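This report concerns only the one structure given below.
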Amino acid sequence: MFLDHPTITATNSFTEPDRIERLGRVYGYVAALADMAGKSSFIEKFTQIHDHKGTLIVFWHDAPTEDEKEFFSKAWASKIGDGSTNVEHEV
């Protein structure tokens, strides 16, 4: 069992707590996509996901591959995410 999950934060999370809930769903979606792709160490590569006014920002320990970035793009663009393609990556 993996216990060192990334930090989940959002701008205005105190007044809009649904942002944190949405990020939790996105994290689950991304973890499932990585698991299905056989990327067992994927969740160890990033430290934080943050919703900044509708833009998903992913903070990485190690540089992500293009398919790892795509996991976040798919999740954020889905109905459980923001429904947009606004995703940024910080290494």
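These figures come from a predicted structure and were not determined experimentally.
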Q.
Which Ile, Leu, Val, Met, Phe, Trp or Tyr residues join F14 in one cluster when any pair of side-chain heavy atoms under 4.5 Å counts as a link?
A. none

(Q) Classify the ring geometry of H89 against W60: parallel below 30°, tilted from 30° to 60°, perpendicular beyond 60°. (A) tilted

Q | Shortest non-hydrogen separation from A75 to I80 and the atoms involved | A | O-CG1, 4.3 Å

Q) D62: what forms a side chain to side chain contact (heavy atoms under 4.5 Å, CB included) with it, not counting sequence neighbours? A) K45

Q. Salt bridge (charged side-chain N to carboxylate O under 4.0 Å, His left out) with E21: which residues, sequence neighbours excluded?
A. R25

Q: Taking side chain to side chain contact (heavy atoms under 4.5 Å, CB included) as the test, write out the residues that go with H52, two or more places apart.
A: T11, H50, I57

(Q) Can you pull out every salt bridge (Lys or Arg N to Asp or Glu O under 4.0 Å) where at least one residue sits in residues 80-91? Sequence neighbours excluded, please. (A) R22-D82

Q: Under the salt bridge (charged side-chain N to carboxylate O under 4.0 Å, His left out) rule, collect the residues that match up with K74, sequence neighbours excluded.
A: none

Q) Can you name the residues that form a side-chain hydrogen bond (donor to acceptor under 3.5 Å, both in side chains) with Q48, not counting sequence neighbours? A) T9

Q) Can you name the side chain to side chain contact (heavy atoms under 4.5 Å, CB included) partners of K39, sequence neighbours left out? A) A34, A37, F42, T65, D67, E68, F71

**Q.** Any side-chain heavy-atom pair of S73 and L56 under 4.5 Å
**A.** no

Q) Heavy atoms, side chains only, cut-off 4.5 Å: are S13 and I20 in contact? A) yes

**Q.** Cluster overlap V87 with F59, hydrophobic side-chain contacts below 4.5 Å
**A.** no

Q. Can you name the residues that form a side-chain hydrogen bond (donor to acceptor under 3.5 Å, both in side chains) with H61, not counting sequence neighbours?
A. none

Q | Gap between atom OG of S78 and atom OH of Y29 - 0.5 Å precision | A | 5.0 Å

Q: Under the side-chain hydrogen bond (donor to acceptor under 3.5 Å, both in side chains) rule, collect the residues that match up with E70, sequence neighbours excluded.
A: none

Q. So which heavy atom on V26 is nearest to which on G81, and how close?
A. CG2-CA, 3.8 Å

(Q) Quick check: do W76 and D51 have side-chain heavy atoms less than 4.5 Å from each other? (A) yes

**Q.** Distance-minimising heavy-atom pair for N86 and G54
**A.** CB-O, 3.7 Å

Q: Mind checking side chain to side chain contact (heavy atoms under 4.5 Å, CB included) for T85 and listing every partner two or more places apart, or none if nothing turns up?
A: none

